[in-house]
Amino acid sequence: VFTYSGLIFGFCKKGEIDRAFKLRDEMLTKNVEPNIVTYNALIDGLCKSGDIVKARQLFEAILDKGLPNGVTYTIMINGYCKSMNVAEAFRLYGEMLSRGILPDSFVYGALIDGCCKEGNLEKAQDLFQEMVQRGFASIHSYNTLISGYCKCGKLKEANQLLEDMIKKQIAPNHVTYSTVIHWHSMEGNMEVANQLFSEMQERNLIPNAITYTSLIQGHSRKGHVAEAFALFEEMVAKGIEPD
RNA sequence: CACGGCAGCAU
């Protein structure tokens, strides 16, 4: 099971779902019973390749056997959120709770991301508060919420959250900073973006190609070609591959 | 022993 599951996981990750399913069939003919981890890998592969319908069919099939665990639900919920079917995601979430599976930071993160994508910041905020109360505040969930606020043009609130997390001793990472830097750059707030850029480096966080690209685009849009080019040279000098 | 949530761009 472990050998086959490992291979199946590898193929699913590469998007070679057909080969993954061939291996599953091979398992069955050799009387190696796939377990929930095997199924989770397959369901996730289907979701990520955009085939939520097939993913759901497999999910229902193993539901009859009582197999799905918290990971399975999170995979399906995330799949629905990504394909903008947040309502179905919440339906499954309810089903998961009614089956006695406790929510963790992963499901909360997926649901919060879904609410943000829908523009439902109130609901995202509610879920976030609920998860904080349960002690699940994590860097990922902060990042999700910050990104959601940014996408809705609420940069002030996003910065508020950033300060908030620092106060709560949850250290922002390069994703956190890249997010806010990107959106401030889009707004043309290059002073703020530069400020955040220094701040992240003071925290010993390493900017990557995404961080640099956001700043470069921001400066370019304003016609600050010299600054943009200086940043380009800086990133190359640091050995960061421009893309 | 293996599986799940977060950032830019991708005409």
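We name chains A, B, ... by the order of the sequence lines, and we start the count at 1 in each one.
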TODO: To the nearest 0.5 angstrom, please state how far the CD atom of Glu227(A) sits from the CD atom of Glu234(A).
DONE: 12.5 Å

Starting from [atom2] on [N], measure out to [atom1] on [X] and report it in whole angstrom.
| X | N | atom1 | atom2 | result |
| --- | --- | --- | --- | --- |
| Lys13(A) | A2(B) | NZ | P | 13 Å |
| Asn35(A) | A2(B) | CG | C1' | 9 Å |
| Ile112(A) | G4(B) | CD1 | C1' | 15 Å |
| Asp44(A) | C3(B) | CG | P | 11 Å |
| Asn69(A) | A2(B) | CG | C1' | 13 Å |
| Ile17(A) | C3(B) | CD1 | C1' | 14 Å |
| Phe128(A) | G5(B) | CZ | C1' | 13 Å |

Task: Summary of protein contacts for nucleotides 6-11 of chain B, nucleotide by nucleotide, where a base hit scores B, a sugar-phosphate-only hit scores S (4.0 Å, heavy atoms) - done: BBB---

TODO: Could you point out which residue of Leu111(A), Ile52(A), Val86(A) forms a side-chain contact (heavy atoms from CB on, under 4.5 Å) with Tyr80(A)?
DONE: Ile52(A)

- [ ] Could you tell me whether the side chains of Tyr177(A) and Arg203(A) share a donor-acceptor contact shorter than 3.5 Å?
- [x] yes

TODO: Determine, answering yes or no, if Phe106(A) is stacked on G5(B) under the 5.5 Å centre rule and the 30° plane rule.
DONE: no

